[in-house]
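The structure under discussion appears below in the form of structure tokens.
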Amino acid sequence: MGLKRNDYDDYATEYAAVVAWRERAGAGSDDLGIVPHLLDLLGDVSDRVVLDAGCGEGYLARILAARGARVTGIDLSPRLIALARARDPGRRIAYQIADLSGPLPEFRAHFDAVASYMVLNDVEDYQGFAATVAQVLKAGGRAVLAFNNPYAYVVRKRIASSYFASGTVHPCGLSAAGIEVPLYHRTLGEYLDAFLAAGLQPTKLLDVDHPEIATVRAADGPLPEGDKLPRFMILAFAKP
């Protein structure tokens, strides 16, 4: 059976242009304020075998490689993988086109860690994704996944009454740039249940503010209505 089609393929160049400015201050720069927390939860990745799950055009993969990790980046979009390879002329990173919602037997128990940056909301089959993450991790490995906080998203979009309407599709934040890709809404409980069912143990749930909002919150200043809840969330898991 062929690979599923990826909506990002239609907007690969536009998407790469939008996210490229995250690296304007060098590897590890992150306008959303997520990467420092994600890296902290991953721990030392030097000489570790790490999967960037849903790597897109390689943003997180390049950060991990710069920290000494032996990185494999996997994504469903051939065009994004091509852009990622073009940004890695030294071939430090192994990129592969594959569907992370299906089994990857060639990578069974292969990775010391799995990292994922703002991907989980893009995945229609989140249960399959969770099962694959668990499958490819070695015993004792860890998975760290950053995504849109499901509570904050429905409040910010004024659709809070739809929180329990699991599987509904909404425009993602990139739609303002003309990138019309879907965001799949799931409840936090459903995400946790999927990774628990896959055999992973939760080790951390971290709420992450947008940096501008974090500054206001730290100063106990007034917050915009849509930012009273942190915009992002990171889930960390360990494989027994």
Side-chain angles (χ1 to χ4, degrees), residues 3 6 22-23 26-30 34-78 80-120 122-123 125-147 191 194-204 206 234-240:
L3 289 173
N6 185 286
R22 289 177 182 159
E23 295 175 277
S29 174
D30 177 18
I34 295 169
V35 166
H37 300 289
L38 188 152
L39 294 176
D40 183 58
L41 289 169
L42 277 175
D44 184 8
V45 295
S46 179
D47 206 35
R48 308 294 281 175
V49 182
V50 181
L51 170 65
D52 179 359
C55 63
E57 46 68 76
Y59 167 64
L60 180 60
R62 291 188 292 274
I63 293 172
L64 295 169
R67 295 172 72 89
R70 291 181 281 160
V71 184
T72 296
I74 296 180
D75 200 277
L76 187 57
S77 167
L80 286 176
I81 289 292
L83 290 170
R85 286 174 174 152
R87 293 287 305 274
D88 182 40
R91 297 295 186 264
R92 295 182 303 165
I93 301 164
Y95 286 111
Q96 180 169 324
I97 303 165
D99 181 4
L100 285 159
S101 294
L104 296 177
E106 68 271 32
F107 289 114
R108 183 177 297 275
H110 179 76
F111 294 102
D112 298 305
V114 174
S116 183
Y117 180 90
M118 302 303 284
V119 172
L120 198 51
D122 297 327
V123 178
D125 182 5
Y126 71 103
Q127 293 166 316
F129 184 89
T132 299
V133 168
Q135 175 201 41
V136 303
L137 271 176
K138 296 177 181 178
R142 64 186 65 181
V144 182
L145 307 100
F147 59 107
Y191 282 133
F195 287 97
L196 287 167
L200 299 181
Q201 296 179 344
T203 58
K204 186 71 174 180
L206 182 67
I234 300 178
L235 292 179
F237 299 91
K239 184 173 181 178

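With sequence neighbours excluded, no residue forms a side chain to side chain contact (heavy atoms under 4.5 Å, CB included) with Ala131. The side chain to side chain donor-acceptor pair (under 3.5 Å) search around Ser77 returns Asp9, not counting sequence neighbours.
Here the side chains of Arg62 and Asp88 are not in contact, with every heavy-atom distance at 4.5 Å or above. No side-chain heavy atom of Leu137 sits under 4.5 Å from any side-chain heavy atom of Phe237. Side-chain contact between Leu100 and Leu76 is absent, with no heavy-atom pair separated by less than 4.5 Å.
Between Thr72 and Ile74, the shortest heavy-atom contact is CG2-CG1, 3.9 Å. Here the closest non-hydrogen pair linking Gln96 and Glu106 is NE2-OE2, 3.4 Å.
In this structure, Lys138 places its NZ atom where more than 12 heavy-atom neighbours from other residues, nucleotides or ligands lie under 6.0 Å away.
Put simply, the side chain of Asp112 gets close to the backbone of Val49: a donor and an acceptor are under 3.5 Å apart. Within the 3.5 Å criterion, the main-chain N or O of Ala236 finds a donor-acceptor partner in the side chain of Thr203.
Of the residues Asp52, Leu38, Leu39, Val71, the one that meets the side-chain contact (heavy atoms from CB on, under 4.5 Å) test with Ile63 is Leu39.
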TODO: List the steps, then state whether side-chain contact (heavy atoms from CB on, under 4.5 Å) holds for Leu83 with Arg87.
DONE: CA-CA 6 Å; Leu83 290 170; Arg87 293 287 305 274; 5.8 Å; no
Open item on the list: Determine whether Tyr191 and Leu145 satisfy the following criterion, side-chain contact (heavy atoms from CB on, under 4.5 Å), listing intermediate values before the conclusion.
Closed with: CA-CA 11 Å; Tyr191 282 133; Leu145 307 100; over 6 Å; no
